[in-house]
Amino acid sequence: MQIVHTIPELREALAPYKRPAFVPTMGNLHDGHIALVKQAKPLGDVSVSSIFVNRLQFAPHEDFDSYPRTLDADAERLEAAGCNVLFAPLEKHLYPEPQTYKVHPATDLSDILEGHFRPGFFIGVSTVVLKLFSCVFAGMPTGVAAFGKKDYQQVMVVRRMVQQFALPIEILAGETQRAEDGLALSSRNGYLSAAERAEAVELSKAIRALGEAARASDTPDLPALEAQAMQALARRGWKPDYLTVRRRADLLAPQGPLAGEPLVVLGAAKLGSTRLIDNLEI
Ligand code: PAF
């Protein structure tokens, strides 16, 4: 595996290829990232991953400085997974001057849920993803980029960006990888104490229970069920931001009878100082 840090080095490494299979990451890789690399690789002619902790998507009070940076271990895992080129730019390589041109995604999708609780998050994500796409795919006839469904809204925001800018990139959404107890794998799980780690699976259990309650009737009182689910988590010591049933198509609240409507239950809650998210298609 070749490790490159600058955009010209990356472009030179990719010059012989026509269809990169790309997995952008912020590093501290877990089995979810590795599954994406393995799933995407056969769909392209070169497997590329990036590791870049993107300051633009962190609010000032969030964990940009403490976000785990584990480049050597990550590089070993990527190489073992069959990655051919790792792009690991420093900030000065990706943002040599302040990134004042930014992508503002459609607010109907990006100002709700995660975007409501993390204002500006999807501007930061869309901007870096478009820039990484430009680094990896410029001059390529086509390409594939893989994202994990744990960040459900992120996948939708990226898909819509690709569609609206007519980028010749196929977006692959990989299933959420889970620990044995059902906890969705996330780099932020590493922040949890042993007691918090044991409790953490309760978020996915609450999401599943809310999904079952929602599907138990064709016309459920969703706001009441959502409020009950949040109260139940709060009683266990969590600080829930949202637990909600949404339409898969646009992440808006379903209107009318649910029969036949593809839905997803999404949740975000803080356990101690760690904010976790998860979701389940129902
Ligand atoms: O999901 C992530 O790890 C990040 O949001 C991404 C897509 C790599 C952009 O920084």
Side-chain angles (χ1 to χ4, degrees), residues 7 10 20-37 39-40 47-59 62-71 73-75 77-78 81 83 85-91 93-95 99 102-105 109-110 113-115 117-137 143-162 165 167 169-177 184-191 266 268 274-279:
I7 299 172
L10 174 69
F22 177 45
V23 181
T25 81
M26 297 206 300
N28 196 236
L29 303 183
H30 50 68
D31 289 351
H33 297 110
I34 298 304
L36 286 180
V37 172
Q39 216 181 323
S47 164
V48 188
S49 294
S50 64
I51 294 182
F52 181 68
V53 184
N54 173 39
R55 185 188 292 276
L56 293 187
Q57 69 192 72
F58 289 79
E62 291 182 343
D63 54 344
F64 174 77
D65 289 325
S66 56
Y67 200 86
R69 287 152 173 93
T70 52
L71 184 60
D74 291 344
R77 292 206 69 182
L78 285 171
C83 176
V85 179
L86 167 57
F87 179 43
L90 297 175
E91 268 198 308
H93 299 130
L94 208 58
Y95 298 137
Q99 184 71 30
K102 293 188 179 148
V103 179
H104 287 252
L109 182 59
S110 69
L113 304 170
E114 283 305 282
F117 287 95
R118 304 182 68 188
F121 173 68
F122 286 118
I123 295 174
V125 167
S126 305
T127 302
V128 79
V129 169
L130 186 63
K131 191 151 191 178
L132 290 167
F133 282 181
S134 147
C135 297
V136 172
F137 296 114
V144 184
F147 295 81
K149 271 176 148 179
K150 186 183 74 70
D151 298 290
Y152 203 87
Q153 195 176 357
Q154 171 171 278
V155 180
M156 291 181 69
V157 167
V158 170
R159 264 193 208 287
R160 208 143 138 203
M161 178 177 77
V162 163
F165 286 120
L167 304 177
I169 302 166
E170 193 185 312
I171 299 298
L172 175 75
E175 292 304 321
T176 302
Q177 303 294 311
L185 297 189
S186 161
S187 301
R188 290 193 168 97
N189 293 348
Y191 296 151
L266 303 115
T274 306
R275 187 171 181 279
L276 299 177
I277 64 172
D278 197 355
N279 64 77

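Just so it is clear, the structure is predicted and the values come from calculations on it, not from any experiment. Read the numbers this way: they start at 1 and go in the same order the structure lists the ligands and their atoms. Each residue takes its place number in the sequence, starting with 1.
Judged purely by distance below 3.5 Å, without hydrogens or angles, the side chains of Tyr67 and Asn54 never pair a donor atom with an acceptor atom.
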Please tabulate, one line per pair, the protein N or O atoms found under 3.5 Å from any N or O atom of ligand 1, giving the distance to one decimal.
residue, atom, partner, partner atom, Å
ligand 1, 1 (O), Gln154, NE2, 2.8
ligand 1, 5 (O), Gln57, NE2, 2.9
ligand 1, 5 (O), Gln154, OE1, 2.7
ligand 1, 10 (O), Gln57, OE1, 2.7

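Counting heavy atoms from C-beta outward, Phe58 and Val53 have side chains that approach closer than 4.5 Å.
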Show me the donor-acceptor pairs within less than 3.5 Å that the side chains of residues 125-136 make with the rest of the protein, sequence neighbours left out.
residue, atom, partner, partner atom, Å
Ser126, OG, Phe122, O, 2.6
Thr127, OG1, Val103, N, 2.9
Thr127, OG1, Ile123, O, 2.6
Lys131, NZ, Leu94, O, 2.6
Lys131, NZ, Gln99, OE1, 2.8

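For Arg188 (side chain) and Thr274 (main-chain N/O), no donor-acceptor pair under 3.5 Å exists by modelled atom type.
Remark: Arg69 is positioned above the aromatic ring of Phe64, its terminal NZ or CZ atom under 6.0 angstrom from the ring centre and at most 45 degrees off the axis.
When each of Gln39, Lys149, Lys150 is tested with Glu175 by the rule side-chain hydrogen bond (donor to acceptor under 3.5 Å, both in side chains), just one qualifies, namely Lys149.
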